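Note sheet for the following structure.
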Amino acid sequence: MFNNRIKIKELLAQEPAGQQVTVMGWVRTFRNNQFIALNDGSTNNNLQVVLELGKFPEELLKRITTSASLRAQGVVEPSLGKGQKMDLKATTIEILGDSDAEKYPLQPKKHSLEFLREKAHLRFRTNTFGAIFRVRHALAFAVHQFFNQKGFIYLHTPIITASDAEGAGEMFKVTTLPMDGTAPKNEEGAVNYKEDFFGRATNLTVSGQLEGELGATAFGEIYTFGPTFRAENSNTARHLAEFWMIEPEMAFCDLEDNMNLAEEFIKYIIGYAMQHNAEDLQFLDQRLAEEEKQLPQDKRSEMGLLDKLKFVVDNQFERITYTAAIDILRESNYNKKKKFQYEITGWGMDLQSEHERYLVEKHFKKPVILSNYPAGIKAFYMRQNEDGKTVAAMDILAPGIGEIVGGSQREERMDRLTTRMKEMNIPEEELWWYLDTRRFGTVPHAGFGLGFERMVQFVTGMNNIRDVIAFPRTPGSAEF
RNA sequence: UCCUCCUUAGCUCAGUUGGUUAGAGCAUCUGACUGUUAAUCAGAGGGUCGUUGGUUCAAGUCCAACAGGGGGAGCCA
């Protein structure tokens, strides 16, 4: 029987008054042959388990090592020491799993994030990663709660897709054909995917959007929240080969409705985490402050983590058009002093991340929603504006992270859509099912994609995306 | 993929213009102490200096390639 245990988070919320309890967890430190700091993952706060001297056999004490797991039973009393309000005076200690102190790689001290990345299977047992993954959970839960409250349907779009027309990047192939050169060939000498498992070439999804639109044009409002894959050789602190994306799609919705929803959504999930994970965020706030002490003054954030989150929740995002952004950039002192590495060449150029960062971090100092981009730098499905030059696209840029949301109103007019597809060499035959939504009861609709890990980065203040996903997949790296 | 930096004990890092037996703190082990807070004190063990090749009388130190990692850029979420 294990279900008679009380979680440490719950116990620490009580007043110590002689309760008889059972706790289970992992040893963080064992001081003085007398004091166990026990952690069970429910909170970063440890329970101090006190062993009366001489009451427990030497052989047992020797087995209480860092990360050993144990069951402790005893009585809860106010602590005599200063660091905690209660002690568990142990009557029985039972080691559930030994941990060889000479071999266990984590010590009760500061480890670098790079080191812990190589110990990703054990890093959950540290304070930093404990806090990160509890916050990640809260954000994921808040995503579902937000959309559920609004009557959105959670649609599971496929992970294996046949379409490679989405243009969102390089894809991972999915096949059961042999890789040793003996795969069946067609007349042209290429691999004959007609003989593959699905009878055609298939890939891992790069986006659930196109399928999401099929759902939105029946249910009205849907969202997806699932794994997404990109086979790009991207080696940065904000890219993964496998990541989680949230993609709402709404019928009867234009660009402005879309921006409103995205802003409300971001504020909601941040607010949820602030409310439900205050201690973890406080810990991460301090961690970030400590880390930034190492940096030169000009590299430090102007606001602490908690202040930043509160600011984002309490203030309107700045909304400007792409065209206005180009003007701001062109007129900026930064540009006049030639501080940009990439020149502001003028309307039509794609913004580089240094330009986005300037707008967000230097000019507006708050999240910015950029909208109505030139058609030439955006995807085929985005709705063409009446000016004949721009499309109803929007990106949300967050301080320190960059693009966190990319979305648009979709082109619902069949003729406009197919003309655009021809221009961009997107084969209509492959997307016949997508085009059917425009054939049968087409409707103005819009949606966006939010990179979940980037959101977790923003809320936890972690600057490497590999530290906010349990087991990161990046080029050359798929351990665990 | 490009640019740049890094790789010395389990971890974090010193190691001088190339020079003889490569150091520290923490961790670990042994002992002492016992209301501790990353406990403290004393002692001990622990290294193919990322790999391969080269220069040199001599390489942790200089050069090259490769591998792994960090930071920045591109692609994007």
Side-chain angles (χ1 to χ4, degrees), chain A residues 28-37 45-54 61-62 65-66 77-84 87 89 99-119 126-127 166-170 205-209 225-247 262 295 299 340-342 350-354 356-357 377-379 395-398 401-407 448-458 463-469 474-477 479:
Chain A
R28 281 288 172 82
T29 59
F30 184 34
R31 289 184 291 267
N32 232 349
N33 247 355
Q34 220 184 147
F35 303 99
I36 302 171
N45 297 314
N46 302 321
L47 176 68
Q48 173 151 287
V49 180
V50 182
L51 280 61
E52 206 177 304
L53 278 171
L61 297 181
K62 276 200 168 14
T65 55
T66 303
E77 288 177 356
S79 180
L80 301 175
K82 287 220 172 71
Q84 55 284 317
D87 288 344
K89 295 267 191 190
S99 173
D100 185 338
E102 282 193 77
K103 297 199 177 114
Y104 183 68
L106 305 185
Q107 299 156 24
K109 69 165 216 174
K110 240 196 181 83
H111 285 294
S112 69
L113 294 170
E114 293 81 13
F115 172 74
L116 290 170
R117 235 167 264 156
E118 288 168 17
K119 304 277 180 287
T126 64
N127 284 336
E166 289 158 50
E170 287 296 310
T205 184
V206 292
S207 162
Q209 182 202 316
F225 185 2
T228 310
F229 306 88
R230 303 277 164 88
E232 304 285 350
N233 192 4
S234 295
N235 291 290
T236 79
R238 56 187 188 284
H239 287 89
L240 291 165
E242 177 184 289
F243 63 100
W244 288 68
M245 187 153 65
I246 295 145
E247 294 178 289
L295 297 174
K299 292 252 169 100
F340 288 125
Q341 207 181 327
Y342 291 86
D350 210 347
L351 296 181
Q352 302 293 322
S353 59
E354 61 170 341
E356 296 179 346
R357 294 186 67 151
I377 57 173
K378 287 290 179 182
D395 284 356
I396 302 185
L397 311 175
I401 309 287
E403 185 177 346
I404 198 163
V405 161
F448 63 85
L450 176 135
F452 186 57
E453 281 75 18
R454 289 189 183 172
M455 192 69 222
V456 181
Q457 274 187 276
F458 184 74
N463 47 41
N464 194 313
I465 200 166
R466 292 161 202 186
D467 296 328
V468 300
I469 189 166
T474 54
S477 171
E479 190 79 54

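Please read all numbers here as calculations on a predicted model, not as lab measurements. Note on naming: letters A, B, ... go to the chains in the order of the sequence lines (proteins, then strands), and numbering restarts at 1 for each one.
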**Fill in**
Regarding the side chain of A:Asn235, the nearest nucleotide among B:G70, B:G69, B:A73 is B:A73

**Item:** Side chains of A:Asn127 and A:Arg28, donor plus acceptor under 3.5 Å
**Value:** yes

**Request:** Would you tell me if any nitrogen or oxygen in the side chain of A:Ser353 comes within less than 4.0 Å of OP1 or OP2 on B:G74?
**Result:** yes

**Asked** Are the aromatic rings of A:Phe452 and A:Phe225 close, with centres under 6.0 Å apart?
**Response** yes

**Asked** Do A:Glu232 side-chain atoms and A:Glu170 backbone N/O form a donor-acceptor pair below 3.5 Å?
**Response** yes

**Message:** Can you tell me which nucleotide in B:U37, B:U30, B:U12 comes closest to the side chain of A:Phe115?
**Reply:** B:U12

Any N/O pairs under 3.5 Å between the protein and nucleotides 42-45 of chain B? List them or say none.
none

**Request:** Counting heavy atoms from C-beta on, name the nucleotide in B:U37, B:A73, B:C76 closest to the side chain of A:Thr236.
**Result:** B:A73

**Asked** Picking from B:C11, B:G35, B:G72, which would you name as closest to the side chain of A:Gln107?
**Response** B:C11

**Asked** Dot-bracket for RNA chain B, 5' to 3', with Watson-Crick and G-U pairs under 3.5 Å, [ ] for crossing pairs and | for other-strand pairs: what is it?
**Response** (((((((..((((.....[...)))).(((((.......))))).....(((((..]....))))))))))))....

**Prompt:** Checking side-chain contact (heavy atoms from CB on, under 4.5 Å) for the pair A:His239/A:Ile465: CA distance, chi angles, key distance, verdict?
**Reply:** CA-CA 7 Å; A:His239 287 89; A:Ile465 200 166; 5.8 Å; no

Please tabulate, one pair per line, all N/O donor-acceptor pairs under 3.5 Å involving side-chain atoms of residues 100-107 of chain A, not counting sequence neighbours.
| residue | atom | partner | partner atom | Å |
| --- | --- | --- | --- | --- |
| A:Asp100 | OD1 | A:Glu102 | N | 2.8 |
| A:Tyr104 | OH | A:Ser67 | OG | 2.9 |

**Request:** Could you please name the option among B:U28, B:G74, B:A77 that lies closest to any side-chain atom of A:Glu102?
**Result:** B:U28

